[in-house]
Amino acid sequence: MAAWSPAAAAPLLRRIRGLPLHCVHRMFAFQTEGELRVTQILKEKFPRATAIKVTDISGGCGAMYEIKIESEEFKEKRTVQQHQMVNQALKEEIKGMHGLRIFTSVPKH
């Protein structure tokens, strides 16, 4: 791996110049505050979940999220019921969102 140098960073810095700060932060952050908050709520509401992935698909502003969650709690429930469970868990957060994509599944044993 090459050492960091100002010359190596120059192309990246030219691309981010002029972008809003939250977009620049998103380029370097592992998860946004919103992703962390939604993930924490889902972990509390679905304690048996084996996988939870929350992605801010609005560019980092928190207007739209994609949620992938795998949990035993979804067993023997139709997809629409599974999605209703996720919507109910995020009832308060959804009020501030423009959209939500939900993908649910039951762990394969």
Side-chain angles (χ1 to χ4, degrees):
M1 178 178 214
W4 183 89
S5 71
L12 176 63
L13 295 173
R14 274 195 294 276
R15 283 194 307 245
I16 65 173
R17 188 174 294 139
L19 287 175
L21 186 57
H22 73 274
C23 292
V24 174
H25 173 73
R26 177 70 179 146
M27 291 173 69
F28 298 102
F30 179 72
Q31 278 192 302
T32 65
E33 288 180 32
E35 289 169 337
L36 290 170
R37 185 178 62 253
V38 171
T39 300
Q40 186 59 42
I41 292 166
L42 292 172
K43 284 180 179 179
E44 291 170 7
K45 300 290 184 172
F46 298 97
R48 297 184 342 201
T50 54
I52 296 175
K53 179 161 175 50
V54 177
T55 307
D56 184 337
I57 56 175
S58 63
C61 69
M64 188 164 181
Y65 290 92
E66 178 177 278
I67 295 171
K68 296 179 181 179
I69 182 168
E70 180 181 271
S71 179
E72 282 291 331
E73 284 115 327
F74 300 140
K75 194 172 188 172
E76 299 181 12
K77 296 203 178 349
R78 296 182 328 221
T79 302
V80 70
Q81 292 170 315
Q82 296 172 10
H83 290 202
Q84 287 169 341
M85 291 169 68
V86 174
N87 279 313
Q88 182 61 33
L90 297 173
K91 188 167 79 173
E92 290 303 312
E93 287 67 29
I94 287 173
K95 292 177 183 178
M97 296 179 193
H98 292 289
L100 188 62
R101 276 195 251 172
I102 302 171
F103 299 92
T104 55
S105 61
V106 176
K108 292 178 175 71
H109 294 262

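Quick note: numbers below take in every heavy atom, side chains included, and nothing from hydrogens, waters or symmetry partners.
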Side-chain donor/acceptor of Gln31 to backbone N/O of Leu36, under 3.5 Å: no

Nearest atoms (heavy-atom pairs only) where Ser105 meets Phe74: O-CD1, 3.4 Å

Under 3.5 Å: donor-acceptor pair, side chain of Asp56, backbone of Glu35: no

Heavy-atom pair of closest approach, residues Ala89 and Ile41: O-CG2, 3.5 Å

Lys68 with Glu70: basic N within carboxylate O range, under 4.0 Å: no

Residue list, side-chain hydrogen bond (donor to acceptor under 3.5 Å, both in side chains) with Gln81, at least two apart or on another chain: none

Gap between atom CD1 of Ile57 and atom NE2 of His98 - 0.5 Å precision: 12.5 Å

Heavy-atom side-chain proximity of Phe103 to Lys53 below 4.5 angstrom: no

Point-to-point distance, once rounded to the nearest 0.5 Å, from CD1 of Ile69 to CZ of Phe46: 5.0 Å

Minimum side-chain heavy-atom gap Tyr65-Thr39 below 4.5 Å: no

Qualifying residue for side chain to side chain contact (heavy atoms under 4.5 Å, CB included) with His83, from Thr104, Ile67, Leu100: Thr104

Under 3.5 Å donor-acceptor, Glu66 side chain and Thr55 backbone: no

Within-4.5 Å side-chain heavy-atom neighbours: Val38 and Met97: yes

Minimum side-chain heavy-atom gap Glu73-Pro47 below 4.5 Å: yes

hydrophobic_cluster_shared for Leu42 and Met64, side chain cutoff 4.5 Å: no

Contact summary for Ser58 and Ala63, nearest pair of heavy atoms: OG-N, 3.1 Å

Polar side chain donor-acceptor pair, Gln84 to Gln88, under 3.5 angstrom: no

